[in-house]
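Reminder, nothing fancy here: chain letters follow the sequence lines and each chain counts from 1. No experiment lies behind these values; they were computed from the predicted model shown.
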Amino acid sequence: MRPFTYERASDPAAAAKSAAENPDARFLAGGTNLLDLMKLGIERPTHLIDVGRLPLAAIEDTADGGLRLGAMTTNSAVAADPRVRARYPVLAQALLAGASPQLRNKATTGGNLVQRTRCLYFYDPAKPCNKRRPGAGCAALEGLNRGSAILGQSEHCVAANPSDMAVALQVLDAVVETVGADGQARAIPIDDLHRLPGDTPHIETCLRPGELITAVVLPPPPQGPQAYRKARDRASYAGGLASVALAGGRIALGAVSLKPWRARKAEAALAGGAAPDEAAAAELAQARGQGGNDFKINLTRRLMAAVISSGKA
Amino acid sequence: MGQNLLTDAIQRGPVTLVVNGEARTLDLDLRTTLLDALREHFALTGTKKGCDHGQCGACTVLVNGVRINACLSLAVMHDGDEVTTIEGIGRPGALHPLQTAFLDRDAFQCGYCTPGQICSAVGLLAEAAAGAPSQATGDLTAPIVLDDAEIRERMSGNLCRCSAYPQILEAIRDVAQSSGAGAGA
């Protein structure tokens, strides 16, 4: 691991300002993803701004009947909160489907949103990756791409977003609150936070230099059933091959794109009276694989249809 | 990218950890993980380094009563925190019930993962007692009953390459049942 300087932030706006002053600085929250990447030499920050003790670890009721999750709430604390379990079960289920208990006890709401892809070639410094080095090329196109994206990928990057939590946030229409280097607060709809790769896969979110996530706001839950289901190689503690979140008439997909994928075509089809499998097929008509992940198209279609059907039962 | 002599120099700082009830302040290279601080500086080698990437759970310790992977935390992040390692869970002659149960059930072969397994199980019992759900919890709003499926799911962050999983499950089930948290207790 490369040497770095360290500061413990005491104020969110000051942390954002400090981060904006050094492009090689990183925020450190739970550390479960960043420290792993630093050990591998993939992240090489020269300065760490520890935001883990900022007073952002509360889960609060909002005036309109929703919840505000402080950015430093842990994944396990959110999943265990009685209000989340009763009113936002899709979020509790998604969180509990991710990582291991030990990791969930450290990983934070804010950090989960900006975790990096688990693409094998992003993790292998000996191979080209446009995320690590823009313009280097993408080794996953012709390589081991079983876990790669089937929606919204580009010729420059076929990586998938690994978050379970963010898939649930998509169907809850969550809003991400931030503070910028200028001290200004901003509210970002979850669907606008993550970017598709295009020809700039190294730019993963719409966050500006130094901008710090301070909270995730959940509007009141939509009417109707909620569910989260994840397909993967083993029953626990494994990344997803595909996942589906459902809340009311909203559907989102995980592990199939570089952003948590809101399935608006399927939602429109369902609203128009389509059967679950027809709605899933409508969403996935645009899907394509790279060879090793071709199976994910059918897997995702069937998983979607099953989750939608379960919600109708 | 140019070399920056200031930031390429090793950065050190004082870190105070309360380990198994004893506070000590060390001058550490800031890159020192909690795991390396415990093993190399506190000389508490019960906590094991397996994968060093949060995948195996051998380094599991309790920080302020909560189980975490010590390999994926910097010591400096835990300045002032209370850390409990396997050495603080129990001692020869004064074993923790989980340690006794692991012996009774022969819940290990080589033993390398055992300190992490036991620390993880201590955390598991506390989480279940506090009502925290898991992926195996059918009704998210119902009280937690630690049946076999729940124990397996809640221990998925700890690998045992000797594959003593059935015996680990039995040991934890024994303690869960004696505490009233288990199924059919």
Side-chain angles (χ1 to χ4, degrees), chain A residues 1-6 8 22-25 28-40 44-48 50 52-53 74 76-77 79-82 84-89 92-107 123 226 228 230 234-238, chain B residues 1 4 6-13 29-34 51-57 59-63 66-74 76-80 116 119-120 123-124 127 130-137 139-142 144 149 152-159:
Chain A
M1 196 185 291
R2 297 289 186 88
F4 49 79
T5 51
Y6 173 93
R8 182 170 295 138
N22 179 354
D24 293 321
L28 174 66
T32 53
N33 189 222
L34 179 62
L35 292 171
D36 186 27
L37 293 168
M38 286 169 63
K39 288 182 179 189
L40 295 165
R44 298 178 173 196
T46 59
H47 184 59
L48 289 181
D50 187 347
R53 298 192 190 192
T74 63
S76 53
D81 187 276
V84 174
R85 289 153 69 180
R87 283 150 53 196
Y88 304 96
Q93 289 170 356
L95 285 164
L96 294 170
S100 71
Q102 290 97 317
L103 291 168
R104 292 195 294 270
N105 281 340
K106 282 300 286 180
Y123 266 79
Q226 297 182 23
Y228 188 77
K230 179 176 179 180
R234 60 179 185 230
S236 181
Y237 195 16
Chain B
M1 207 165 292
N4 182 325
L6 178 66
T7 52
D8 279 354
I10 292 174
Q11 303 290 320
R12 306 183 70 87
D29 181 331
L30 291 178
R31 296 172 293 179
T32 309
T33 61
L34 178 59
C51 69
D52 211 25
H53 287 279
Q55 298 173 5
C56 75
C59 67
T60 302
V61 298
L62 299 153
V63 173
V66 175
R67 56 176 164 163
I68 69 165
N69 300 112
C71 73
L72 286 186
S73 262
L74 297 174
V76 67
M77 292 164 64
H78 295 288
D79 189 42
C119 285
S120 191
L124 178 166
E127 290 162 12
S134 84
Q135 185 184 223
T137 308
D139 179 353
L140 285 176
T141 58
I144 302 302
R152 283 197 190 94
E153 164 61 24
R154 290 166 188 265
M155 289 298 291
S156 72
N158 291 82
L159 303 187

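Contact annotation for Ala79(A): only backbone heavy atoms (N, CA, C, O) come within less than 4.5 Å of a heavy atom of chain B. Neither the backbone nor the side chain of Val63(B) has a heavy atom closer than 4.5 Å to any heavy atom of chain A. Residue contact with chain B, scored on non-hydrogen atoms closer than 4.5 Å, involves the side chain of Arg8(A) exclusively. With a threshold of 4.5 angstrom between heavy atoms, Ala149(B) does not approach chain A through any atom at all. Interface remark: Leu48(A) contributes side-chain atoms only to the contact with chain B (heavy atom separation under 4.5 Å). If you measure heavy-atom distances from Ala235(A) to chain B, the contacts under 4.5 Å come from the backbone alone. Of the atoms belonging to Leu74(B), heavy atoms from both backbone and side chain fall under 4.5 Å from chain A. Neither the backbone nor the side chain of Pro82(A) comes within less than 4.5 Å of any heavy atom in chain B. Heavy atoms of Thr33(B) lying under 4.5 Å from chain A belong exclusively to its side chain. The part of Thr60(B) that comes within reach of chain A is its side chain, from C-beta onward, which places non-hydrogen atoms under 4.5 angstrom from that chain.
At a threshold of 4.5 Å between non-hydrogen side-chain atoms, the residues Lys39(A) and Asp52(B) count as touching. Put simply, the side chain of Phe4(A) does not reach to within 4.5 Å of the side chain of Gln11(B), judged on heavy atoms. With a 4.5 Å cut-off on side-chain heavy atoms, Asp79(B) and Arg53(A) count as touching.
Considering OG of Ser100(A) and CD1 of Ile68(B), their distance stands at 11.0 Å, rounded to 0.5 Å. Rounded to the nearest 0.5 angstrom, Ser73(B) OG and Gln102(A) CD are separated by 12.0 Å. Atoms CE and CG, on Met1(A) and Leu30(B) in that order, are 11.0 Å from each other to the nearest 0.5 Å.
Defined by atom type and a distance below 3.5 Å, a donor-acceptor pair is present between the side-chain atoms of Glu153(B) and Ser236(A).
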- Give the C-alpha distance, both sets of side-chain angles, the deciding distance and a yes or no for side-chain contact (heavy atoms from CB on, under 4.5 Å) between Lys106(A) and Asn69(B). CA-CA 9 Å; Lys106(A) 282 300 286 180; Asn69(B) 300 112; over 6 Å; no
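Ranked by non-hydrogen atom pairs under 4.5 Å with chain A, the options Arg152(B), Met77(B), Arg154(B) are led by Met77(B). Of the residues considered (Thr141(B), Val66(B), Thr137(B), Val76(B)), Val76(B) shows the highest number of contacts with chain A, using heavy-atom pairs under 4.5 Å.
With sequence neighbours left out, Arg12(B) forms a side chain to side chain donor-acceptor pair (under 3.5 Å) with Asp27(B).
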Which atom pairs, one a donor and one an acceptor, fall under 3.5 Å between side chains of residues 29-37 of chain A and the rest of the protein, sequence neighbours left out?
| residue | atom | partner | partner atom | Å |
| --- | --- | --- | --- | --- |
| Asn33(A) | OD1 | Arg116(A) | N | 2.9 |
| Asp36(A) | OD1 | His53(B) | ND1 | 2.4 |

